[in-house]
There are 2 protein chains.
Amino acid sequence: MNAASESEPSSPLLVAYQGEPGAYSEIAARQVGRPAPYRSFVEAFHAVAEGDVAFAAIPLENSLGGTIHENYDHVLQFPVRIVAETYVRVEHCLLGLPGATLEKAKFVLSHPQALAQCDEFLAARPNLEIVASYDTAGSAKIVRESGSALHLAIASEAAAVHYGLDVLARNIASRENNITRFAVIQSARPNVGNADGLSRLLAPLADRPRKTTLAFTLPHKTGSLFHALAAFALRNVGLTKIESRPYREHAFEYLFYVDFIEPEELGLSVRALDHLREVTQFVRVLGTYPCLSAP
Amino acid sequence: MNAASESEPSSPLLVAYQGEPGAYSEIAARQVGRPAPYRSFVEAFHAVAEGDVAFAAIPLENSLGGTIHENYDHVLQFPVRIVAETYVRVEHCLLGLPGATLEKAKFVLSHPQALAQCDEFLAARPNLEIVASYDTAGSAKIVRESGSALHLAIASEAAAVHYGLDVLARNIASRENNITRFAVIQSARPNVGNADGLSRLLAPLADRPRKTTLAFTLPHKTGSLFHALAAFALRNVGLTKIESRPYREHAFEYLFYVDFIEPEELGLSVRALDHLREVTQFVRVLGTYPCLSAP
């Protein structure tokens with residue numbers, strides 16, 4: 001099936017995400033169109049590359065957890081490009097069936113990372129036994145299906161709405177500023193990406209600044225990064241992210257991810273990339289895109 | 001209690017790690033001394049800062065999952081320094097009680113990330129129901145305590161040894177090159193860090209090259225990173241890692257982590273740091289250290 005042919009021009013396009021309904025990724029997908037859940041990131045990438053969905057909303061980094069290398073690897077390996085970015089604030093809530101209370105409950109379910117992020121809240125409530133589960137929204141689903149006020153879940157408010165649960169406590173994480181950055185990606189294959197859908201998504205964002213995300217490799221040689229960054233610095237092109245990692249495909253090479261703000265001067269960014277190609281072995285532009293919703 | 005005073009000179013010193021016995025972190029801790037488990041990273045950092053243990057082995061980054069920002073934050077905030085680094089290869093195994101088989105089993109337990117990393121192996125065995133748990137080694141413990149051949153766990157071979165389980169399958173992850181980098185940290189408080197223990201740890205590594213890990217902040221201004229990296233490039237000091245992240249403490253600033261190889265020329269690295277301080281707002285050296293065990 002092809003999302004381009006099956007959708008009416010005015011109906012929201014399908015947006016793949018990894019997880020259950022109510023997941024933080026679903027909140028990102030809903031900013032773009034109609035969320036379509038997939039069990040794994042690989043399945044979401046396959047779906048968008050092959051045109052089963054118009055877009056996918058993929059987490060690239062989290063302010064506490066860091067860059068998700070696995071998803072950068074998928075963006076590099078699948079025939080896709082980044083067409084927008086968006087941010088979702090991770091706000092963990094304690095959820096229970098209507099009538100459930102903190103006093104009556106015996107178990108609290110969530111993904112181990114969410115449980116760890118709420119460690120102070122949980123430490124102050126030793127009557128709650130902690131149970132790990134596959135994901136945050138999935139925990140809300142289990143609580144709904146259990147039908148029991150003994151079980152609570154830590155998940156998003158969206159998960160509470162989706163599964164008909166009450167929010168017993170809000171913002172229970174120990175640390176604030178837990179924000180996830182998502183890439184909205186589309187197929188780069190000819191005749192697969194939904195051009196109309198993309199125009200509709202981007203039209204209201206035409207005046208916003210745009211970012212470009214690049215991957216490039218450098219030999220493990222003193223000063224090679226400095227020479228590569230000169231391509232941007234000497235043209236006053238500002239970077240907003242840089243990250244290195246050892247490139248496992250070729251020993252003694254490093255893979256870099258760089259985001260830069262697209263300069264207003266016409267042709268400047270093309271000349272910066274030409275310069276970068278002179279001093280690097282491999283450069284790939286993963287996308288040039290605006291921001292849907294700032295953090 | 002103070003590890004420095006309670007240990008005999010020849011007995012292995014205590015090394016804090018997060019997780020259960022058999023965790024990948026315990027493998028790292030064992031390279032340094034006698035592993036001491038803690039439930040959370042924060043508790044492990046407290047233990048080492050206050051001298052309850054001589055060292056802690058803390059994961060900083062993983063080749064698939066990326067940098068663990070949370071632990072860099074702890075290294076910055078606690079009075080600790082990095083005294084060595086080490087690498088542990090993550091090799092997921094399928095474990096069961098003696099006599100258990102893949103055919104008879106009904107459930108497989110592990111941390112969601114380990115389950116996701118073994119997705120192809122599990123997809124080919126639909127008879128196994130997947131159950132999320134708090135950590136990999138904890139899953140092995142649950143299987144041991146269940147006493148049932150219906151339950152299997154995905155964890156390290158060290159967990160199999162610790163809990164008396166059989167290894168039913170080895171290297172079941174979909175992707176190779178899953179390596180975690182650990183920092184060995186010690187208290188930076190006067191009279192708390194174990195100086196004798198540190199000397200014994202580092203003596204056999206005296207001839208190895210050393211790395212320095214830095215954190216510094218830069219204003220969000222075009223070219224500021226280029227100017228900062230000049231401090232290294234103009235002196236032929238090679239970087240092995242660079243990573244940026246928005247610095248939440250101060251808006252419009254970026255926090256950078258940089259690793260560089262200590263140059264042999266005496267005084268060169270001090271001059272590079274002096275130069276760096278001229279063009280940055282905040283610089284902190286997190287440690288200068290050798291590698292215990294390469295990847």
Side-chain angles (χ1 to χ4, degrees), chain A residues 39-43 61-70 72-73 109 111-113 115-117 119-120 123 130-135 138 174-177 179 220-227 229-230 232-246 248 254 256 259 261 295, chain B residues 39-43 61-70 72-73 109 111-113 115-117 119-120 123 130-135 138 174-177 179 220-227 229-230 232-246 248 254 256 259 261 295:
Chain A
R39 280 181 310 172
S40 69
F41 289 122
V42 169
E43 287 169 79
E61 51 187 320
N62 173 270
S63 55
L64 301 181
T67 296
I68 303 159
H69 285 171
E70 183 189 356
Y72 270 95
D73 289 346
L109 284 77
H111 186 279
Q113 195 173 37
L115 292 165
Q117 287 173 352
D119 54 354
E120 291 172 15
I130 291 166
V131 181
S133 76
Y134 209 83
D135 65 13
S174 311
R175 298 181 59 190
E176 293 183 4
N177 286 316
I179 294 167
H220 185 192
K221 215 172 71 183
T222 302
S224 60
L225 177 62
F226 187 68
H227 278 95
L229 296 187
F232 304 103
L234 298 177
R235 291 175 178 84
N236 290 319
V237 174
L239 307 186
T240 59
K241 175 190 172 78
I242 181 163
E243 181 161 343
S244 68
R245 58 188 288 215
R248 303 259 158 220
Y254 276 76
F256 290 83
D259 291 349
I261 299 164
Chain B
R39 279 181 310 171
S40 70
F41 289 122
V42 169
E43 287 169 79
E61 52 187 321
N62 171 270
S63 55
L64 301 182
T67 295
I68 303 159
H69 285 172
E70 183 189 356
Y72 270 94
D73 290 345
L109 283 76
H111 187 280
Q113 194 173 39
L115 291 166
Q117 286 173 353
D119 54 353
E120 291 172 16
I130 292 166
V131 181
S133 76
Y134 210 82
D135 67 11
S174 310
R175 298 182 57 191
E176 292 185 3
N177 286 317
I179 295 167
H220 184 192
K221 215 173 70 182
T222 302
S224 60
L225 176 62
F226 188 67
H227 278 96
L229 295 188
F232 304 103
L234 298 177
R235 291 175 179 83
N236 289 320
V237 175
L239 307 185
T240 59
K241 174 190 174 76
I242 180 163
E243 182 160 342
S244 69
R245 60 187 287 217
R248 304 257 156 221
Y254 277 75
F256 290 83
D259 291 349
I261 299 165

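Predicted model, so just to flag it, every value in this text is computed and none were measured. Below, chains carry the letters A, B, ... as their sequence lines are ordered, and counting in each starts from 1.
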(request) Side-chain contact test, heavy atoms from C-beta onward, threshold under 4.5 Å: evaluate it for F226(A) versus F226(B) and give yes or no. (result) yes
(message) Any heavy-atom pair between the side chains of Q113(A) and Q113(B) that's under 4.5 Å?
(response) no
(message) Please identify, among I242(A), D73(A), D119(A), the residue contributing the most non-hydrogen atom pairs under 4.5 Å to chain B.
(response) I242(A)
(message) For V131(A), is there any backbone N or O sitting under 3.5 Å from a side-chain donor or acceptor partner on Y134(B)?
(response) no
(request) Would you check, one step at a time, whether the test side chain to side chain contact (heavy atoms under 4.5 Å, CB included) holds for E243(A) with K241(B)? (result) CA-CA 8 Å; E243(A) 181 161 343; K241(B) 174 190 174 76; 5.7 Å; no
(request) First locate atom CG of N236(B), then atom NZ of K221(A), and finally report the distance between them rounded to the nearest 0.5 Å. (result) 11.0 Å
(message) Counting heavy-atom pairs under 4.5 Å with chain A, which one of S244(B), S40(B), S133(B), A233(B) comes out on top?
(response) S244(B)
(request) Count the heavy-atom pairs under 4.5 Å between each of I261(A), L225(A), L115(A), T240(A) and chain B, then report the option with the highest count. (result) T240(A)
(message) Working to the nearest 0.5 angstrom, can you tell me the gap between S63(B) OG and H69(A) NE2?
(response) 9.5 Å
(message) When you compare the side chain of H111(A) with that of P112(B), does any pair of heavy atoms fall below 4.5 Å?
(response) yes
(message) Do V237(B) and T222(A) have side chains that approach each other closer than 4.5 Å (heavy atoms only, starting at C-beta)?
(response) no
(message) To the nearest 0.5 Å, what is the distance between OG1 on T67(A) and CD on E61(B)?
(response) 11.0 Å
(message) Assess the residue pair L239(A) and Y254(B) against the criterion (side chain to side chain contact (heavy atoms under 4.5 Å, CB included)); give the C-alpha distance rounded to whole Å, side-chain angles, the decisive distance to 0.1 Å, and a yes or no.
(response) CA-CA 11 Å; L239(A) 307 186; Y254(B) 277 75; over 6 Å; no
(request) Name the region of S224(A), side chain, backbone, both or neither, that has any atom closer than 4.5 Å to a heavy atom of chain B. (result) neither
(message) Rounded to the nearest 0.5 Å, what separates atom NE2 in H227(A) from atom CG in L229(B)?
(response) 12.5 Å
(message) Is F256(A) in contact with chain B via its backbone, its side chain, both, or neither, using a 4.5 Å heavy-atom distance?
(response) side chain
(request) Let me know if R39(A) has heavy atoms under 4.5 Å from chain B in its side chain, its backbone, both or neither. (result) neither
